[in-house]
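To keep things clear, I will list the structure first and then write my remarks on it.
Values reported hereafter were calculated over all heavy atoms of this structure, with side chains retained and with hydrogens, waters and symmetry mates removed.
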Amino acid sequence: MVTAAAASHKPQQQQTRVLIVGNYCHDVLIQDDTVKAESLGGAASFISNVVNGMSIPCNLVSKVGEDFKHPVDYTPIVIPTSKTTVFHAYFDLGIQGNGHQDRVLKRVCACDPIRPSDLPDVRSNFGMAVGVGGEILPETLERMIEICDAVFVDIQALIRVFDSVDGTVKLVKLEETGFYSMLPRIGVLKASSEEAVFMDVEEVRKWCCVVVTNGKDGCKVYWKDGELRISPFSANQEDPTGAGDSFLGGFVAGLVQGLAVPDAALLGNLFGSLTVEQIGLPKFDSRLLQRVKDEVQRRKMQYLHCERSDNELEFLKPAGHEQFHASLGSAKLIPPCSSQARPWTPSNSPKETEKTPIPHYTAQAKLLVNSVYEEPIQTVEGKP
């Protein structure tokens, strides 16, 4: 891991295609005052998982405390004076009358925010501001805009606020944040259908592309001059958590490789559907990934002859879009390698097969069988 002191003497790095900015987290599920499960959390973990799977070079900037417990592919900055961000998701055993499981999400510990000086001193083609615990500052997003050709933002990084007493997560209107004036300079703003009600989509689409994900119904892309619904992929849902993050990773992966926005959104929908079929941070089968890479390359070659601007997003559906959807759908049908059929867990626990599907909720918590969370449950931020 990189310490805060070491980060102040950052070496010059080679330009990368993607810069991911957001803290890793510890996510804890609690029922009846009992810790049921704990895992690696944070949008950055799911997004980097997809980007890695598609073999796309990237940098990831994340801060954690010395208590950080999980093996990760990208080394975070360790803050000796801070703890890793922790979210507790509290579940009631009963189901409310509206059919949704009662849940309260609380940020009980918060690591240091990511500052402009923490970012690499090189340009990136695509920047991704994907904080979950308030770690993305306005000045940090400003710096990302300066050093990235295009910046993609998850709205949860902008509109989440946290109760000063117990850390309960709340959402505020986008126009009330310090980020609203930056909209004309970002490329894409992604939101779930639940989060989209906290902005005026018709107004925001005048300034930047807006992508609204809607679970099993796919997603919808809005821009100044039009809108498109992008078809979903069928999935046997086990755990919906992280699907939006994986969508965003797949979406950017498609754009990095030269796809038009509608085709890239299909790739995002594919990875979202793959994510909900596993419990825990998903592990993608190597044969499936290779097939997806082949289909993306084939798709890219189909319209290389079209006149396109490398600096502008292409929003209209290219010819063959439906066939590309069918090809990606066929890739999902490839039987997994026996050694890769099970989702990743830190201990590769044999109890993995005993887990049951998790009810829908929109938090960032992911569930693992073997809890390694050793600290007492905190109900007030920073206080046991």
Set out, in order, the CA-CA distance, both residues' side-chain angles and the distance that settles side-chain contact (heavy atoms from CB on, under 4.5 Å) for Leu19 and Val21, then state yes or no. CA-CA 7 Å; Leu19 170 65; Val21 180; 3.8 Å; yes
Answer with yes or no after comparing the ring centroid distance for His26 and Phe87 against a 6.0 Å cut-off, counting only values under it. no
Min side-chain heavy-atom separation Cys208-Val204 under 4.5 Å: yes
Does the side chain of Ser45 come within less than 4.5 Å of Val72's, by heavy atoms? no
Same apolar cluster (I L V M F W Y, side chains within < 4.5 Å links), Ile334/Phe284: no
In the structure I gave you, are the side-chain heavy atoms of Val169 and Phe162 within less than 4.5 Å of one another anywhere? yes
Is there side-chain contact between Phe315 and Leu228, with heavy atoms separated by less than 4.5 Å? no
If hydrophobic clusters are built from ILVMFWY residues whose side chains come within less than 4.5 Å, do Ile77 and Leu137 share one? no
To the nearest 0.5 Å, how far apart are CG in Leu141 and CD1 in Ile186? 7.0 Å
Using a strict cut-off of less than 4.0 Å between a Lys/Arg side-chain nitrogen and an Asp/Glu carboxylate oxygen, indicate whether Lys190 and Asp154 qualify as a salt bridge. yes
Distance-only side-chain donor-acceptor flag, Thr34 / Asp32, under 3.5 Å: no
Relative to the ring of Phe68, is the ring of Tyr24 parallel (under 30°), tilted (30 to 60°) or perpendicular (over 60°)? parallel
With a 3.5 Å distance limit and no angle check, can you tell me whether Thr85 reaches the backbone of Cys111 through a side-chain donor-acceptor pair? yes
Is it the case that the side chain of Arg107 and the backbone of Gly133 share a donor-acceptor pair, with hydrogens and angles ignored and the cut-off at 3.5 Å? yes
Answer yes or no: is there an ion pair linking Arg299 with Glu295, defined by an N-O contact shorter than 4.0 Å? no
Main chain of Glu203, side chain of Asp200: is a donor-acceptor contact present, judged purely on distance under 3.5 Å? yes
Ignoring hydrogens, what is the shortest heavy-atom contact between Cys148 and Gly127? Give both atom names and the distance. SG-CA, 3.6 Å
Between Val165 and Asp163, what is the shortest heavy-atom contact and its length? N-OD2, 2.8 Å
In this structure, would Leu255 and Val130 fall into the same cluster of hydrophobic residues linked by side-chain contacts under 4.5 Å? yes
Basic-acidic side-chain contact under 4.0 Å: Arg143, Glu146: yes
Hey, mind stepping through Val296 and Leu267 against side-chain contact (heavy atoms from CB on, under 4.5 Å) and telling me if it holds? CA-CA 9 Å; Val296 168; Leu267 192 61; 4.1 Å; yes
Can you confirm whether the side chains of Asp27 and Ser39 place a donor and an acceptor under 3.5 Å from each other? no
For His321 and Ile230, indicate whether the former's side chain and the latter's backbone hold a donor-acceptor pair under 3.5 Å. no
Which atom of Ile136 lies closest to which atom of Ala157, heavy atoms considered: CG1-CB, 4.2 Å
So CG of Asn23 and OG1 of Thr84: to nearest 0.5 Å the spacing works out to 8.5 Å
Any donor-acceptor pair under 3.5 Å linking the side chain of Arg205 with the backbone of Gly226? yes
Please lay out, stage by stage, how Met54 and Lys293 fare under the test side-chain contact (heavy atoms from CB on, under 4.5 Å). CA-CA 7 Å; Met54 293 299 292; Lys293 293 175 189 177; 4.1 Å; yes
Decide if atom CH2 of Trp223 counts as having more than 12 heavy atoms of other residues, nucleotides or ligands within a radius under 6.0 Å. yes
What's the verdict on side chain to side chain donor-acceptor pair (under 3.5 Å) for Asn59 and Tyr74, showing C-alpha distance, side-chain angles and the deciding distance? CA-CA 8 Å; Asn59 284 334; Tyr74 297 94; over 6 Å; no
Should Glu227 and Lys220 count as side-chain neighbours, where that means a heavy-atom distance under 4.5 Å? yes
Should Ile114 and Leu119 count as side-chain neighbours, where that means a heavy-atom distance under 4.5 Å? yes
Does this structure show an ion pair linking Glu277 with Lys332, if we count only N-O contacts that are shorter than 4.0 Å? yes
Charged N-O contact under 4.0 Å between Glu135 and Lys63: no
Can you tell me how far apart CZ (Phe152) and CG (Leu189) are? Round to the nearest 0.5 Å. 11.5 Å
For the pair Lys83 and Glu66, find out whether any cationic side-chain nitrogen is under 4.0 Å from an anionic carboxylate oxygen. no
Atom CG of Asn49 and atom CG of Leu274: how far apart are they, to the nearest 0.5 Å? 10.5 Å
Is the distance between the ring centroids of Phe247 and Phe271 under 6.0 Å? no
Donor-acceptor pair, Arg17 side chain versus Cys58 backbone, under 3.5 Å? no
Hydrophobic cluster membership, Val211 vs Val276, 4.5 Å side-chain cutoff: no
Do Val172 and Thr177 come close enough that some side-chain heavy atom pair is under 4.5 Å? yes
Please confirm whether the backbone N or O of Ala243 pairs with a side-chain atom of Ser246, one donor and one acceptor, at under 3.5 Å? no
State whether the side chain of His88 and the backbone N or O of Lys106 hold a donor-acceptor pair below 3.5 Å, judged by distance alone. no
Strictly distance-based, threshold 3.5 Å: is any side-chain N or O of Asp263 a donor or acceptor partner for the main-chain N or O of Gly254? no
Is the shortest distance from a Lys or Arg side-chain nitrogen in Lys69 or Glu38 to a carboxylate oxygen in the other one below 4.0 Å? no
Shared ILVMFWY cluster between Val252 and Phe324, side chains joined below 4.5 angstrom? yes
For Ala44, is there any backbone N or O sitting under 3.5 Å from a side-chain donor or acceptor partner on Ser48? yes
Using side-chain contact (heavy atoms from CB on, under 4.5 Å), reason through Val256 and Asn125 one step at a time and then give a plain yes or no. CA-CA 8 Å; Val256 166; Asn125 298 112; over 6 Å; no
Would you check if Arg291 and Leu333 make a side-chain contact, meaning some heavy-atom pair closer than 4.5 Å? no
Atom pair OG (Ser192) and CG (Asn214), whose distance is rounded to the nearest 0.5 Å: 9.0 Å
Got a second to check how far Leu60's CG is from Met128's CE, nearest 0.5 Å? 10.0 Å
